[in-house]
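Bear in mind that the values here come from a model prediction, so they are computed numbers and not experimental data. Residue numbers start from 1 in every chain, and the chains themselves are labelled A, B, ... in the order their sequence lines are given, proteins ahead of strands.
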Amino acid sequence: MTKDQIFEFFRLLAELNPAPETELEFGNVYQLLVAVVLSAQATDAGVNKATRALFAKVKTPEEMVALGEEGLKAHIKTIGLFNSKAKNVIALSEQLIAHHGSEVPQNRDALVELPGVGRKTANVVMNCAFGAETFAVDTHVFRVGNRTGLAKGKTPEQVEAKLEKRVPQPFRRDAHHWLILLGRYTCKARSPECWRCPEVELCSFRKKVLENPKKAKLTAS
DNA sequence: CTCCCGATAT
DNA sequence: ATATCAGGAG
């Protein structure tokens, strides 16, 4: 995509959804952090279903530690990978209490030190909680970046680096949200609905879909 | 690289 | 039946 095409792409996405937000539900920054950790390889809807009851009771790291690992597991049994997530959330909460005054640190390096928090989760928290212009590359952003040609790469880090270079203002703050929503509801992994995509010009994946709707895979050549 | 791992869509 | 879902740790 050329610079002009990229600008027009985001201009249209912004027009369709002027104020995109995460679909994860939370009442404070700590709950946001927990929700994002729980959302690995799970749907936002599934996470919200579990955290609704959890977050009504637990609003602080102290309350999470008091609930305990087994108590937490009881709340998140319906979420995949719940054993390792429960262990990480308890350990993460203990670490916040011990080293960060029970607050969520406001820089990526400190966030990544927390158990269960990788670069993607840290980027989400920095953006959604603190307004940083980070580009969290999850499965959707990775797929959309590669399909459209906006940001191709073999790893999430490579895609993030290209987004960092190519996404212009005033779209940098919300760019990753638009790409996630596009990936979740339009540029879907299984049955993409290309006719709804603003990127109508020369997306190589769309061409492939039009030529052979059944055989189009993750990336176009 | 493998393992973790339930709910949902296809 | 199986692919996919706001990945991260060992």
Practice problem: First locate atom NE2 of A:His140, then atom CG of A:Leu182, and finally report the distance between them rounded to the nearest 0.5 Å. | Solution: 10.5 Å
Quiz item: To the nearest angstrom, how far is A:Gln41 atom CD from B:dT2 atom P?
Solution: 15 Å
Exercise. Using the P atom on both, measure C:dA6 against B:dT2 and round to a whole Å.
Key: 24 Å
Quiz item: How about A:Lys59: does its NZ atom have over 12 heavy atoms from other parts shown lying under 6.0 Å from it?
Solution: yes
Exercise. Check every strand shown and say whether A:Lys85 touches a base, only sugar-phosphate, or nothing at a heavy-atom separation below 4.0 Å.
Key: nothing
Quiz prompt | Rounded distance in Å - CZ (A:Arg184) to P (B:dT10) | solution = 14 Å
Quiz item: Between A:Ser102 and A:Tyr30, does any side-chain donor sit less than 3.5 Å from a side-chain acceptor?
Solution: no
Quiz item: Is the phosphate of C:dC5, meaning OP1 or OP2, less than 4.0 Å from a side-chain N or O of A:Thr139?
Solution: yes
Quiz item: CG of A:Leu24 versus P of C:dC5: gap in Å, rounded?
Solution: 15 Å
Quiz item: A:Val124 near the nucleic acid: base, sugar-phosphate alone, or nothing, with a heavy-atom cut-off under 4.0 Å?
Solution: base
Quiz item: If the C1' atom of B:dC5 is compared with that of C:dT2, how far apart are they to the nearest Å?
Solution: 15 Å
Self-check item: Earlier contact from the 5' end, DNA chain C, for A:Val117 and A:Ile180
Solution: A:Ile180
Practice problem: Would you mind reading off the distance between A:Asn48 atom CG and C:dC5 atom P, rounded to a whole angstrom? | Solution: 17 Å
Quiz item: If only side-chain N and O atoms of A:Arg119 are considered, is one of them under 4.0 Å from the OP1 or OP2 phosphate oxygen of C:dG7?
Solution: no
Quiz prompt | From B:dT10, B:dG6, C:dC5, nucleotide with atom closest to A:Thr78 side chain | solution = B:dG6
Quiz item: Is a donor-acceptor pair below 3.5 Å formed from side chain A:Ser191 to base B:dA9, judging by atom type as modelled?
Solution: no
Quiz item: Thinking salt bridges, do A:Glu63 and A:Lys57 make one under a 4.0 Å N-O criterion?
Solution: no
Practice problem: Mind calculating the distance between NZ (A:Lys77) and P (B:dC4) to the nearest angstrom? | Solution: 15 Å
Quiz item: Tell me: CG of A:Asn88 to P of C:dG10, nearest whole Å?
Solution: 8 Å
Quiz prompt | Atom pair distance, as rounded to whole Å: CG in A:Leu81 and C1' in B:dT8 | solution = 15 Å
Quiz item: What's the closest nucleotide to the A:Arg190 side chain, out of C:dC5, B:dG6, C:dT2?
Solution: C:dT2
Exercise. Share the residues that join A:Ile97 in a hydrophobic cluster, the rule being Ile, Leu, Val, Met, Phe, Trp or Tyr side chains under 4.5 Å apart at the heavy-atom level.
Key: A:Val65
Quiz item: How far apart are the C-alpha atoms of A:Glu199 and A:Arg147, what are their side-chain angles, what is the distance that settles it, and do they pass the salt bridge (charged side-chain N to carboxylate O under 4.0 Å, His left out) test?
Solution: CA-CA 11 Å; A:Glu199 220 303 274; A:Arg147 280 181 177 174; over 6 Å; no
Quiz item: Counting side-chain heavy atoms from C-beta on, which of C:dG7, C:dA6, B:dG6 comes nearest to A:Thr121?
Solution: C:dG7
Practice problem: Check every strand shown and say whether A:Gly118 touches a base, only sugar-phosphate, or nothing at a heavy-atom separation below 4.0 Å. | Solution: sugar-phosphate
Quiz item: Can you check the A:Phe82 CZ to C:dG8 C1' distance for me, whole Å?
Solution: 17 Å
Practice problem: Just call it for A:Thr22: base, sugar-phosphate, or nothing, with non-hydrogen atoms closer than 4.0 Å on any strand. | Solution: base
Exercise. Tell me which of A:Lys49 and A:Ser84 sits closer to the 5' end of DNA chain B, going by the nucleotide each one is nearest to.
Key: A:Ser84
Self-check item: From C:dA6, C:dC5, B:dC4, nucleotide with atom closest to A:Ala189 side chain
Solution: C:dC5
Practice problem: Under 4.0 Å between any heavy atoms, over every strand shown, what does A:Asn83 touch: base, sugar-phosphate, or nothing? Just pick one. | Solution: sugar-phosphate
Quiz item: Counting any heavy atom closer than 4.0 Å, what does A:Leu114 reach on the DNA or RNA strands: base, sugar-phosphate only, or nothing?
Solution: sugar-phosphate
Quiz item: Would you say a side-chain N or O of A:Arg143 is under 4.0 Å from OP1 or OP2 of C:dT4?
Solution: no
